[in-house]
Structures are given as structure tokens and as C-alpha cells.
Amino acid sequence: MLNPLARAFFGRSVHAVAPDLIGATLLFKGVGGLIVEVEAYHHTDPAAHSFRGPTRRNAVMFGPPGYAYVYRSYGIHWCLNFVCEPPGSASAVLVRAIKPTVGLAAMRRRRGVAEERLLCAGPGRLCEALGITGAHNGLALDAPPFELFARTDAAEITAGPRIGITKAVDEPWRYGLKGSRFLSKPFASPVRPGA
DNA sequence: TGCCCGATTAACT
DNA sequence: GTTAATCGGGCAA
């Protein structure tokens with residue numbers, strides 16, 4: 001059972017939780033950093049894995065909030081989601097990028113990359129750096145090996161269309177820390193008419 | 001069963 | 001700019 005604070009935090013709309021996760025600290029077995037990019041997936045969203053109903057893969061999404069949904073992407077990579085909203089809502093937030101702060105050496109070893117900016121800039125890269133796999137699907141987020149700490153300082157949050165999807169492509173449900181160099185891709189700058 | 005596609009990434013040209 | 005790697009889901013047959 002999740003602690004009441006975590007349940008209250010994740011039990012809200014994905015569109016409330018997602019921006020609140022920007023600037024939060026995520027650690028897995030003591031390795032991780034600051035969340036700088038996430039995407040919201042609601043069960044009514046054609047791009048969501050839960051849109052067509054429960055399967056063995058997405059079962060965790062249909063459970064209570066505050067748990068990790070880890071799935072294999074393109075048969076190769078692992079991607080980490082946080083289940084949100086009341087139980088059965090089947091909505092989740094995809095963690096797309098973090099700024100590495102703790103355990104840099106372990107991340108570099110797992111990734112085989114030295115450049116700090118590329119350690120966790122992308123959902124697949126992030127899971128590889130932290131050592132998260134399908135074996136961790138369904139784990140509670142308020143207990144080891146996970147550690148989550150809410151944002152303490154004010155953060156300037158920006159939003160835009162999600163990446164790598166083909167359905168509901170115009171919905172601005174990607175949230176990020178404005179100007180961070182650890183994003184998987186930059187957010188489009190506002191276009192001024194006549195510029 | 002067979003076929004196509006995907007919430008990706010790295011290594012090509 | 002393009003493409004391969006690789007596997008589960010969804011749908012047609």
C-alpha cells in the first residue's frame with residue numbers, strides 16, 4: 001500500500017501531475033537526478049497504451065496510482081511511466097528525461113557514454129542509465145528501489161506536442177523544464193508573426 | 001497464424 | 001537525411 005502523500009500526489013489528473021513532476025528528484029537504487037521532461041497519457045487518448053483496454057503488458061496502468069509501468073519500446077528499449085489518477089483510470093505519465101545528479105559513474109558505465117547531456121536524455125536512455133527494466137514493472141514509487149522527492153524550488157515549465165507518436169500529435173501534453181540542456185529534444189520556441 | 005506498426009536509439013550516408 | 005535492431009499488440013484471415 002502506498003503512503004497517503006504519494007497516493008494524493010499521483011491520484012490526480014495526469015495533466016496536473018505531469019507538470020508537478022518537472023524539477024522533482026527521481027532516484028533508482030540511489031542513482032538518478034532531476035526530472036526535466038515528461039509526457040501525459042490519458043486513457044481516452046488514442047496514443048495511450050491503455051486506449052484499447054487492458055492487456056498483459058499494460059495491466060499496471062489499470063491498477064492504483066503511484067506505481068511504475070515499464071514497457072519495452074520497439075522491442076529494444078525500456079520506458080518508465082508513473083500511473084496516475086484514481087484506480088482503473090489507466091492514465092500515466094511517461095518520464096522522458098532527467099538531469100543526472102547522483103551516480104554519474106554508474107550511469108556512464110551502463111550507457112557506455114561519457115557525455116553527461118546524453119546519459120538520460122530520452123526515455124530509453126534514462127532507463128538504461130538507471131538500470132530500470134521490465135523486471136521493475138509494477139513496483140511502488142514510494143518505496144525502494146525508487147525514491148521520489150518533490151520539487152523544492154520554483155521551476156519555469158514549458159509545454160508542447162509529444163514526441164514519436166502518430167495519433168493525437170497536436171495535443172500539447174509534453175512538459176519540460178524551460179531551457180534545460182538535458183531534454184531529449186528542445187521545445188519549439190514561440191513563433192512571432194512577421195519575424 | 002501472419003503481417004504491420006510502434007510513447008526509440010545509434011549508426012549510417 | 002535514412003535505416004536497422006527486435007518484439008508485443010492489434011487486426012485480418
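Because only heavy atoms are used, hydrogens play no part in the values below, and waters and symmetry mates are left out as well, while side chains stay in. Each chain gets a letter, A, B and so on, in the order its sequence line appears, and its residues count up from 1.
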Practice task
State whether A:Arg72 places a side-chain N or O below 4.0 Å from either non-bridging phosphate oxygen (OP1 or OP2) of C:dG9.
Solution key: no
Practice task
Please determine, for the side chain of A:Arg96, which listed nucleotide (C:dC7, C:dG9, B:dA7) has the closest atom?
Solution key: B:dA7
Handout entry: Whole-Å distance separating the NE2 atom of A:His49 from the C1' atom of B:dC5
Key = 11 Å
Problem - Interatomic distance, A:Asn81 CG vs B:dT8 C1' [rounded to whole Å] - result: 14 Å
Practice task
Decide ring-ring contact (aromatic ring centres under 6.0 Å, His included) for A:Tyr69 and A:Tyr67; before the verdict, give the C-alpha distance in whole Å, the side-chain angles of both, and the deciding distance to 0.1 Å.
Solution key: CA-CA 7 Å; A:Tyr69 165 49; A:Tyr67 288 80; over 10 Å; no
Practice task
Answer yes or no: is there a side-chain heavy-atom contact under 4.5 Å between A:Ile165 and A:Tyr41?
Solution key: yes
Exercise for the section: Could you check whether A:Arg174 gets within reach of a base, just the sugar-phosphate, or nothing at all, counting any heavy atom under 4.0 Å? Expected result: nothing
Exercise for the section: Please determine if a side-chain N or O atom of A:Arg52 lies less than 4.0 Å away from the OP1 or OP2 oxygen of C:dC11. Expected result: yes
Exercise for the section: Provide, to the nearest angstrom, the distance between the CG atom belonging to A:Leu119 and the P atom belonging to B:dT9. Expected result: 13 Å
Completion exercise
Rounded to whole Å, the CH2-P distance (A:Trp78 to B:dT9) equals 15 Å
Exercise for the section: Would you indicate what A:Asn58 reaches in the nucleic acid, counting non-hydrogen atoms under 4.0 angstrom: base, sugar-phosphate, or nothing? Expected result: nothing
Completion exercise
From CD1 of A:Ile76 across to P of B:dA10 the rounded distance in Å is 10 Å
Handout entry: Distance test, side-chain N/O of A:His77 to OP1/OP2 of B:dT9, below 4.0 Å
Key = no
Handout entry: Among B:dA7, B:dT8, C:dG9, the one nearest A:Thr55 by side-chain distance
Key = C:dG9
Fill in the blank from the handout: In whole angstroms, the gap separating P of B:dA11 from CZ of A:Arg125 amounts to 10 Å
Practice task
Using the C1' atom on both, measure C:dG1 against B:dA7 and round to a whole Å.
Solution key: 23 Å
Handout entry: C1' atoms of C:dG8 and B:dA10, separation to the nearest Å
Key = 22 Å
Handout entry: Rounded distance in Å - NZ (A:Lys167) to P (B:dC4)
Key = 17 Å
Practice task
Decide yes or no for A:Leu27 and A:Val102: does some side-chain heavy atom of the first lie under 4.5 Å from some side-chain heavy atom of the second?
Solution key: yes
Exercise for the section: Consider the side chain of A:Arg56, meaning its heavy atoms from C-beta on, and name the nucleotide among B:dA7, C:dG9, B:dT9 that approaches it most closely. Expected result: C:dG9
Exercise for the section: Decide yes or no for A:Thr158 and A:Tyr175: does some side-chain heavy atom of the first lie under 4.5 Å from some side-chain heavy atom of the second? Expected result: no
Practice task
Classify the nucleic acid contact of A:Arg162 as base, sugar-phosphate or nothing, counting any heavy atom under 4.0 Å across all strands shown.
Solution key: nothing
Handout entry: Spacing of A:Leu118 atom CG relative to B:dA11 atom P, expressed in whole Å
Key = 11 Å
Practice task
Could you tell me whether A:Tyr71 and A:His49 have their ring centroids closer than 6.0 angstrom?
Solution key: yes
Problem - Side-chain donor/acceptor of A:Tyr71 to base of B:dA7, under 3.5 Å - result: yes
Practice task
Looking at every strand, decide which applies to A:Ile165 at a 4.0 Å heavy-atom threshold: base, sugar-phosphate, or nothing.
Solution key: sugar-phosphate
Exercise for the section: Remember a base hit wins even if backbone is also touched, and classify A:Thr166 as base, sugar-phosphate or nothing at under 4.0 Å, heavy atoms. Expected result: sugar-phosphate
Problem - A:His136 ring center near A:Phe28 ring center (under 6.0 Å) - result: yes
Handout entry: A:Arg111 side chain near B:dA10 phosphate (N/O to OP1/OP2, under 4.0 Å)
Key = yes
Practice task
Could you check which nucleotide pairs with C:dG8 in any of the strands shown, counting Watson-Crick or G-U wobble with both distances under 3.5 Å?
Solution key: B:dC5
